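Have a look at the structure below, then the notes.
This one's a predicted model, so the numbers in the text were calculated from it and none came from an experiment.
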Amino acid sequence: QVQLVESGGRLVQAGGSLRLSCAASGRTGSINTMGWFRQAPGKERELVASIRWSTSSTYYADSVKGRFTISRDNAKNTVYLQMNSLKPEDAAVYYCAVSIRFRGLASVQYDYWGQGTQVTVSS
């Protein structure tokens, strides 16, 4: 069992930056991969970025590559999503998720999910 607590979502102007945090607790030793997903109204949930815990290898969706950075803090069992040059199309509920097995960095199969945090981008 892994619990995820997200924070950092807020309203930001287009072109601005925002950092989301996701703190994991519980059986954190079981974490293989952590990912950030987002879902905008009327759209399917999409994988934004992921990081393999043991190696720090990362994956980014094409839509955010070069603008977003996923990182981890092992001591705090926390994953971050640094979002720069935000666009209105980045507005969504962002979810943190944990996979306890390696399914590939681009996999959308995860085992535990956070509650979501709202990111609003104004133009």
Side-chain angles (χ1 to χ4, degrees):
Q1 183 73 49
V2 177
Q3 296 80 42
L4 302 171
V5 179
E6 303 170 354
S7 62
R10 63 176 177 87
L11 188 153
V12 63
Q13 291 188 43
S17 297
L18 193 62
R19 189 177 79 158
L20 306 181
S21 300
C22 176
S25 61
R27 297 185 178 182
T28 57
S30 69
I31 296 173
N32 184 280
T33 310
M34 293 189 71
W36 285 99
F37 291 77
R38 68 186 182 189
Q39 187 167 28
K43 293 187 175 182
E44 292 190 359
R45 186 176 61 197
E46 66 172 329
L47 176 64
V48 175
S50 62
I51 184 166
R52 191 173 186 180
W53 209 251
S54 61
T55 66
S56 78
S57 297
T58 58
Y59 162 87
Y60 297 95
D62 288 342
S63 59
V64 307
K65 197 171 298 180
R67 299 188 297 121
F68 290 12
T69 303
I70 188 170
S71 62
R72 72 177 196 271
D73 185 331
N74 290 320
K76 295 193 287 189
N77 292 312
T78 298
V79 66
Y80 304 96
L81 185 67
Q82 178 66 47
M83 304 185 291
N84 298 325
S85 302
L86 282 161
K87 304 174 181 179
E89 51 262 44
D90 295 318
V93 177
Y94 282 72
Y95 298 91
C96 177
V98 162
S99 175
I100 64 173
R101 305 178 189 91
F102 186 66
R103 302 174 167 115
L105 286 173
S107 174
V108 296
Q109 297 184 38
Y110 280 73
D111 302 294
Y112 302 101
W113 296 83
Q115 78 285 357
T117 185
Q118 177 71 54
V119 173
T120 304
V121 183
S122 64
S123 58

Show the numbers, then the answer: is there a side chain to side chain contact (heavy atoms under 4.5 Å, CB included) between Arg38 and Leu81? CA-CA 12 Å; Arg38 68 186 182 189; Leu81 185 67; over 6 Å; no

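- With sequence neighbours left out, Val119 forms a side-chain contact (heavy atoms from CB on, under 4.5 Å) with Leu18, Leu20, Met83, Tyr94, Val121.
- The SG atom of Cys22 sits 5.0 Å away from atom CD of Glu6, with the distance rounded to the nearest 0.5 Å.
- Using a 4.5 Å cut-off on side-chain heavy atoms (C-beta onward), Leu4 and Tyr95 make no contact.
- From Ser50, atom OG reaches atom CE of Met34 across 11.0 Å, with rounding to the nearest 0.5 Å.
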Enumerate, atom names and distances included, each donor-acceptor pair closer than 3.5 Å involving a side-chain atom of residues 97-109, sequence neighbours excluded.
residue : atom : partner : partner atom : Å
Ser99   : OG   : Arg101  : N            : 3.4
Ser99   : OG   : Arg101  : O            : 2.5
Ser99   : OG   : Arg103  : NH1          : 2.8
Arg103  : NH1  : Gln109  : O            : 3.2
Arg103  : NH1  : Asp111  : OD2          : 3.0
Arg103  : NH2  : Asp111  : OD1          : 3.2
Ser107  : OG   : Gln109  : N            : 3.1

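- Applying the ring pair (Phe, Tyr, Trp, His ring centres under 6.0 Å) rule to pairs touching residues 10-31 yields nothing, sequence neighbours excluded.
- Residue Ile31 holds its CD1 atom at 11.5 Å from OG of Ser54, rounded to the nearest 0.5 Å.
- Put simply, the side chain of Cys96 reaches to within 4.5 Å of the side chain of Trp36, judged on heavy atoms.
- Leu11 forms part of no hydrophobic cluster, judged by ILVMFWY side-chain heavy-atom separations under 4.5 Å.
- Two residues are said to be in side-chain contact when any heavy atoms from C-beta on lie closer than 4.5 Å; Ser7 and Thr117 fail this criterion.
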Applying side chain to side chain contact (heavy atoms under 4.5 Å, CB included), run through Val2 and Ser30 and close with a yes or a no. CA-CA 8 Å; Val2 177; Ser30 69; 3.7 Å; yes

Considering only distance and modelled atom types, tabulate donor-acceptor pairs under 3.5 Å from the side chains of residues 66-73, sequence neighbours left out.
residue : atom : partner : partner atom : Å
Arg67   : NH1  : Ser85   : O            : 3.0
Arg67   : NH1  : Asp90   : OD2          : 2.7
Arg67   : NH2  : Ser63   : O            : 2.8
Arg67   : NH2  : Asp90   : OD1          : 3.0
Arg67   : NH2  : Asp90   : OD2          : 3.4
Arg72   : NE   : Trp53   : O            : 3.2
Arg72   : NE   : Asn74   : OD1          : 2.7
Asp73   : OD1  : Ala75   : N            : 3.1
Asp73   : OD1  : Lys76   : N            : 3.4

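- Looking at Arg52 and Asn32, their side chains come closer than 4.5 Å, going by heavy atoms from C-beta outward.
- Within 6.0 Å of CD in Glu44 there are 12 or fewer heavy atoms belonging to other residues, nucleotides or ligands.
- Annotation for Gln13: atom CD does not count as buried by contact number, only 12 or fewer foreign heavy atoms lying within 6.0 Å.
- The two atoms that bring Ala91 and Ala40 nearest to each other are O-CB, 3.6 Å, heavy atoms only.
- In terms of the ring pair (Phe, Tyr, Trp, His ring centres under 6.0 Å) criterion, residue partners of Phe37 (sequence neighbours excluded) are, by chain and number, Tyr110, Trp113.
- Note that the CZ atom of Arg27 and the CD atom of Gln1 stand 8.5 Å from one another [nearest 0.5 Å].
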